[in-house]
Every structure is written in structure tokens, then in C-alpha cells.
Amino acid sequence: MMKEKQTRYSDGPVVEEAKPKLQKPQLYKVILLNDDFTPMEFVVVVLERFFHKNREDATRIMLHVHQKGIGVCGLYTREIAETKVRMVLAFAREQQHPLQCTMEPE
């Protein structure tokens, strides 16, 4: 509900100022999918380069993807998540790896 403030300007009409309630934007999970062909080291490089993970975290996420078939790289606003997915897919294609990356709402 908007909170309203009434202000009177020198015997003129009353002006109501509405303050909009701000909401945090919806976040999206960026997800890597396991395949049988992409080298594990390449996935670690992707996590370090595009998701700014340190070697230890990147290795942990890569192993999770390898063992469970799927892994979350991070949470981002829609536009940033879309950009990261496109960058990862382009880099994988450029390096001739079939790595798949997608996103879904949190």
C-alpha cells in the first residue's frame, strides 16, 4: 500500500504525494548441465571466468554438476542471467565443447 503525504500550498488545493513501494527484482538461477564430453577443467575455467568463482568454489560446483547432472552458478537479475548464459554458450561453442547453460526463476 502506498503511503500518502498531504501538503497544502498557501490556501490552495491539497496535493497528495504518493511514495511508490519498491520491490526487489526477481532473481534467476544460472545453471550448468552435465554432458559426457566437456572436460571438467573447462567447466572450472567457465566458472572462474564468467561467474568469478575462486578455484576451490569452481571445482566444488563443477563436481556437483558432474555428479548430480546440474548445478547452480549464481543468482542474478534477468538481464544479467541472460547475458551470462549467452556468454557461456558462445565461449563453449568457440572452444568446441557442447556445454549447456540455462536459467530459471529462483
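All values reported here derive from a predicted model rather than from experimental measurement.
- The heavy-atom pair separating Arg49 from His52 by the smallest distance is O-CE1, 3.8 Å.
- Looking at Lys84, its side chain does come within 3.5 Å of a backbone N or O of Phe50 through a donor-acceptor pair.
- Under a hydrophobic-cluster definition in which Ile, Leu, Val, Met, Phe, Trp and Tyr are linked whenever side-chain heavy atoms come within less than 4.5 Å, directly or via other members, Leu99 and Leu33 are assigned to different clusters.
- By the side-chain contact (heavy atoms from CB on, under 4.5 Å) test, His64 pairs with Lys68, sequence neighbours left out.
- Atom CD1 of Ile61 and atom CD of Glu56 lie 11.0 Å apart (nearest 0.5 Å).
- Scored by the salt bridge (Lys or Arg N to Asp or Glu O under 4.0 Å) test, Glu94 finds no partners at all (sequence neighbours excluded).
- For Glu48, the side-chain hydrogen bond (donor to acceptor under 3.5 Å, both in side chains) partners are Arg55, not counting sequence neighbours.
- Val85 and Cys101 make their closest contact through CG1-O, 3.5 Å (heavy atoms, listed as atom of the first residue, atom of the second, distance).
- Scored by the side-chain contact (heavy atoms from CB on, under 4.5 Å) test, Asp57 finds Lys53, Asn54, Arg60 as partners (sequence neighbours excluded).
- Listed by chain and residue number, nothing satisfies the side-chain hydrogen bond (donor to acceptor under 3.5 Å, both in side chains) test with Thr59 (two or more places apart in sequence, or in another chain).
- Using a 4.5 Å heavy-atom threshold, the side chains of Val46 and Val43 count as separate.
- Legend: residues meeting side-chain hydrogen bond (donor to acceptor under 3.5 Å, both in side chains) with Glu82, ordered by chain and number and at least two apart, are Arg78.
- Residues Phe91 and Gln95 are in side-chain contact: their nearest non-hydrogen atoms beyond the backbone lie under 4.5 Å apart.
- Between His97 and Phe42, the ring planes lie tilted relative to each other; the angle falls in the 30° to 60° range.
- No path of Ile, Leu, Val, Met, Phe, Trp and Tyr side chains, each step under 4.5 Å between heavy atoms, connects Val30 with Ile70, placing them in separate hydrophobic clusters.
- Think of Leu27 as one node in a network of Ile, Leu, Val, Met, Phe, Trp and Tyr side chains linked at under 4.5 Å; its network also takes in Leu75.
- By the rule that hydrophobic residues join a cluster once side-chain heavy atoms approach within less than 4.5 Å of another member, Met62 and Ile31 end up as members of separate clusters.
- Grouping the Ile, Leu, Val, Met, Phe, Trp and Tyr side chains by contacts below 4.5 angstrom, directly or via other members, places Val65 apart from Val72.
- When all heavy atoms of Pro98 and Thr38 are compared, the pair lying nearest together is CD-OG1, 3.5 Å.
- Every residue two or more places apart in sequence or in another chain was checked for a ring pair (Phe, Tyr, Trp, His ring centres under 6.0 Å) with Tyr76, and none qualifies.
- The heavy-atom pair separating Leu32 from Leu47 by the smallest distance is CD1-CD2, 4.0 Å.
- For Lys29, the side-chain hydrogen bond (donor to acceptor under 3.5 Å, both in side chains) partners two or more places apart in sequence, or in a different chain, are Glu104.
- Residue Leu22 is found outside any hydrophobic cluster, as its side-chain heavy atoms come under 4.5 Å of no other Ile, Leu, Val, Met, Phe, Trp or Tyr.
- Residues forming a side-chain contact (heavy atoms from CB on, under 4.5 Å) with Pro105 (at least two apart in sequence, or on another chain): Gln26, Tyr28.
- Listed by chain and residue number, nothing satisfies the side-chain contact (heavy atoms from CB on, under 4.5 Å) test with Gln96 (two or more places apart in sequence, or in another chain).
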